[in-house]
Every structure is written in C-alpha cells, then in structure tokens.
Amino acid sequence: MSTIEKIQEELDILTEETSKHEIILYNDDVNTFDFVIDSLISVCEHTPEQAEQCTILVHYKGKCAVKTGEFNELEPKCSRLLDLGLSAEIV
C-alpha cells in the first residue's frame with residue numbers, strides 16, 4: 001500500500017466518523033415510560049427491547065443517545081420527538 005493510499009484511507013475514515021451525529025434524549029418528569037417507549041419505536045424505529053433500554057437509561061442517567069446517523073436523516077426524527085413533547089437534541 002502506498003503512502004498516498006494510506007493517507008486517503010485515513011482521511012476517508014476520519015470524514016466518515018466526523019459526519020455522524022446522535023439524537024440525545026433527555027429525562028423529564030412529564031412523560032410516562034410507556035409513552036417514551038412508544039415514541040422511540042415509532043420515530044426512531046427501535047425494537048421494543050431497544051426502546052425500553054433507552055428509556056431506562058434516560059430515566060436513571062438523565063440522557064441517552066437514541067439514534068446515530070447523518071444530520072439530514074436525524075433532523076426530522078428529532079423534530080418529531082420534540083413535537084411529541086420529549087426533550088431531545090442533535091449533537
């Protein structure tokens with residue numbers, strides 16, 4: 001492998017890693033566990049088990065990354081979570 005190919009490969013990996021974002025869901029005292037679980041299943045396409053685990057993490061840790069991807073893919077999902085009354089942001 002030439003030096004140029006190795007540098008290009010490292011650059012491609014770095015570009016791929018930096019273009020990923022996450023939706024962070026925050027805990028609140030308003031929404032029920034069932035509502036948050038249903039929201040994650042509906043909006044983030046979680047399995048019931050995934051949604052339950054994220055909901056438990058949000059409850060006990062205060063926040064949880066619930067979806068990873070490109071910003072353009074996450075923006076409508078985050079907006080939908082916000083419309084449902086959940087606290088979330090893209091980082």
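Everything quoted here is computed from the prediction, not taken from an experiment.
- With respect to Val36, the side chain to side chain contact (heavy atoms under 4.5 Å, CB included) criterion is satisfied by exactly one of Asn27, Leu86, Val58: Leu86.
- Chaining together hydrophobic side chains whose heavy atoms lie under 4.5 Å apart places Val91 alongside Ile24, Tyr26.
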Q.
If you apply the rule side chain to side chain contact (heavy atoms under 4.5 Å, CB included), what do you find for Lys20 with Glu70, and how did you get there?
A. CA-CA 5 Å; Lys20 295 293 181 185; Glu70 300 292 327; 3.9 Å; yes

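- Sorted by first and then second residue, the ring-ring contact (aromatic ring centres under 6.0 Å, His included) pairs with a member in residues 37-61 read Phe33-His59; sequence neighbours excluded.
- The minimum heavy-atom distance between Val66 and Cys44, with the atom names listed, is CG2-SG, 4.2 Å.
- Residue pairs that meet the salt bridge (Lys or Arg N to Asp or Glu O under 4.0 Å) test with at least one member in residues 48-67, sequence neighbours left out, do not exist here.
- In this structure, Ser42 has no side chain to side chain contact (heavy atoms under 4.5 Å, CB included) partners at least two apart in sequence or on a different chain.
- Residues Ala51 and Ile41 approach most closely at CB-CG1, 3.8 Å, considering heavy atoms.
- The heavy-atom pair separating Cys54 from Cys64 by the smallest distance is SG-SG, 3.9 Å.
- Cluster note: Leu57 groups with no other residue, as no ILVMFWY side-chain heavy atom lies under 4.5 Å from it.
- Across Leu81, Leu40, Thr68, Val43, a single residue satisfies side chain to side chain contact (heavy atoms under 4.5 Å, CB included) together with Ile23, and that is Leu81.
- A salt bridge (Lys or Arg N to Asp or Glu O under 4.0 Å) check over residues 31-45, counting only residues at least two apart or in different chains, returns the pairs Glu45-Lys77.
- The salt bridge (Lys or Arg N to Asp or Glu O under 4.0 Å) contacts involving residues 82-91 comprise nothing, where partners must be two or more places apart or lie in separate chains.
- Residues Leu25 and Ser87 come closest through the heavy atom pair CD1-O, 3.3 Å.
- By the side chain to side chain donor-acceptor pair (under 3.5 Å) test, Asn31 is found to be paired with Asp28, residues two or more places apart in sequence or in another chain being considered.
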